[in-house]
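Structure first, commentary second.
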Protein chains: 2
Amino acid sequence: MKQYHLNDENQSQENHSQETLTYSISELSKEFEITPRSIRYYEAEGLISPQRQGSQRVYHRGDLIRLQLILRGKRVGFSLSEIREIINLYDSPKGEQKQTTLLLGKIEERRNALYQQQKDIKTMLSELDRLEIRINQPEK
Amino acid sequence: MKQYHLNDENQSQENHSQETLTYSISELSKEFEITPRSIRYYEAEGLISPQRQGSQRVYHRGDLIRLQLILRGKRVGFSLSEIREIINLYDSPKGEQKQTTLLLGKIEERRNALYQQQKDIKTMLSELDRLEIRINQPEK
DNA sequence: TTTTTAGTTTACGTTCACGTAAAGGTAAGC
DNA sequence: GCTTACCTTTACGTGAACGTAAACTAAAAA
């Protein structure tokens with residue numbers, strides 16, 4: 001069991017001690033506790049596009065941030081294509097947003113879904129509370 | 001296009017005007033905006049068990065409440081088997097809870113997942129905020 | 001130099017949560 | 001009696017998100 005610090009010194013030549021820290025796919029998979037397969041799948045689905053050194057994938061900080069966004073999106077129940085939409089919103093160039101209104105609509109959708117989820121979670125939590133109380137109650 | 005009031009007078013004999021209101025599968029599917037297929041699937045998965053009149057399914061109020069719980073569970077990202085677990089918690093008889101500690105552990109798990117989701121939703125919402133702001137910003 | 005170790009692509013397999021026929025039963029209305 | 005509407009079961013199909021195995025490459029370690 002090693003300790004996986006992301007800032008390993010694993011590059012040798014041309015290292016100007018800049019913050020050019022990169023990551024292999026296995027490092028990422030350990031850091032995020034997902035399989036390399038998943039990471040490659042996200043790439044195939046167009047959610048990330050790491051650099052290559054030869055045939056090998058090389059991940060930078062931006063990719064980590066995206067992965068984080070992807071996993072967070074998954075946890076709140078978004079599908080990969082929905083997450084891709086969000087990412088595309090981020091990536092579309094600043095001024096010339098395609099159809100601004102359309103994008104804003106998408107965002108509104110997402111936001112409303114999240115609001116609904118907040119409610120759902122609250123009621124779910126209080127239901128679990130009541131459940132726990134009931135269990136701890138000695139038989140009346 | 002009829003109007004689907006759930007309290008239709010569709011029972012004739014022996015109706016003592018009690019609150020014995022029942023529902024057909026199509027009534028439920030319209031009310032909850034899901035397909036009959038889904039409802040039957042939930043039954044096959046052991047999440048609900050409606051009465052029968054002959055071969056037909058007859059749903060009562062308790063079934064509606066369960067369906068509500070199921071759909072809420074789905075919206076917050078639980079799988080059907082996870083929802084079944086929660087339901088089973090509810091259904092296990094009051095005093096002689098099998099292994100109380102084990103059940104409480106399950107509840108804790110669920111609760112923590114929900115807490116994490118609350119965080120996720122919040123950051124996601126603020127990210128959408130920033131995104132919206134960026135879009136509305138005229139090119140600097 | 002040979003052997004690990006870590007990476008790659010290709011492709012078929014799998015689980016979940018249903019969708020979608022197909023084939024039939026039953027009660028109401030014409 | 002026949003049609004229509006609504007229900008049933010059985011069963012095969014489907015999309016998403018990977019799992020898993022096979023076959024190969026390249027670099028690092030022994």
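A quick note: this is a predicted structure, and the numbers were derived from the prediction, not measured. Just so it is clear: chains get the letters A, B, ... in the order the sequence lines come, proteins before strands, and each one is counted from 1.
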What is the distance from [atom1] of [X] to [atom2] of [N], rounded to the nearest Å?
X       : N      : atom1 : atom2 : value
B:Glu43 : D:dT9  : CD    : P     : 7 Å
A:Ile25 : D:dA27 : CD1   : C1'   : 17 Å
A:Arg75 : D:dA17 : CZ    : P     : 16 Å
A:Leu47 : D:dA17 : CG    : C1'   : 11 Å
A:Tyr41 : C:dT9  : OH    : P     : 16 Å
B:Glu82 : C:dC16 : CD    : P     : 11 Å
A:Glu27 : C:dT5  : CD    : C1'   : 14 Å
A:Ile34 : D:dG19 : CD1   : C1'   : 14 Å

Would B:Arg66 and B:Tyr59 count as a cation-pi pair here, with the cationic atom under 6.0 angstrom from the ring centre and within 45° of the axis? no

Modelled atom types, side-chain donor and acceptor of B:Asn136 and B:Glu132, under 3.5 Å: no

Quiz question: by atom type and distance under 3.5 Å, do the side chains of A:Ser38 and A:Thr35 form a donor-acceptor pair? yes

If only side-chain N and O atoms of [X] are considered, is one of them under 4.0 Å from the OP1 or OP2 phosphate oxygen of [N]?
X       : N      : answer
B:Lys74 : C:dC16 : no
B:Ser24 : D:dC7  : yes
A:Thr35 : D:dC18 : no
A:Ser55 : D:dA26 : no

Spell out yes or no: do the side chain of A:Arg40 and the base of C:dT8 have one donor N/O and one acceptor N/O closer than 3.5 Å? no

Can you tell me whether the side chain of B:Arg57 and the base of D:dT8 have a donor-acceptor pair closer than 3.5 Å? no

Among the nucleotides C:dC18, C:dG7, D:dA17, whichever has the atom closest to the side chain of B:Tyr42 is C:dC18

Select from A:Gln56 and B:Leu80 the residue whose nearest nucleotide in DNA chain C is closer to the 5' end of that strand. A:Gln56

Would you kindly compare B:Arg52 and A:Ser79 by the position of their nearest DNA chain D nucleotide and give the one closer to the 5′ end? B:Arg52

Using heavy atoms to find the nearest nucleotide of DNA chain D for A:Glu45 and B:Ser26 separately, return the residue whose nucleotide is more 5′. B:Ser26

Between B:Arg61 and B:Tyr23, the two heavy atoms sitting closest are N-CE1, 4.3 Å

Apply the side chain to side chain contact (heavy atoms under 4.5 Å, CB included) test between A:Thr22 and each candidate in A:Glu27, A:Arg57, A:His60; give the one that qualifies. A:His60

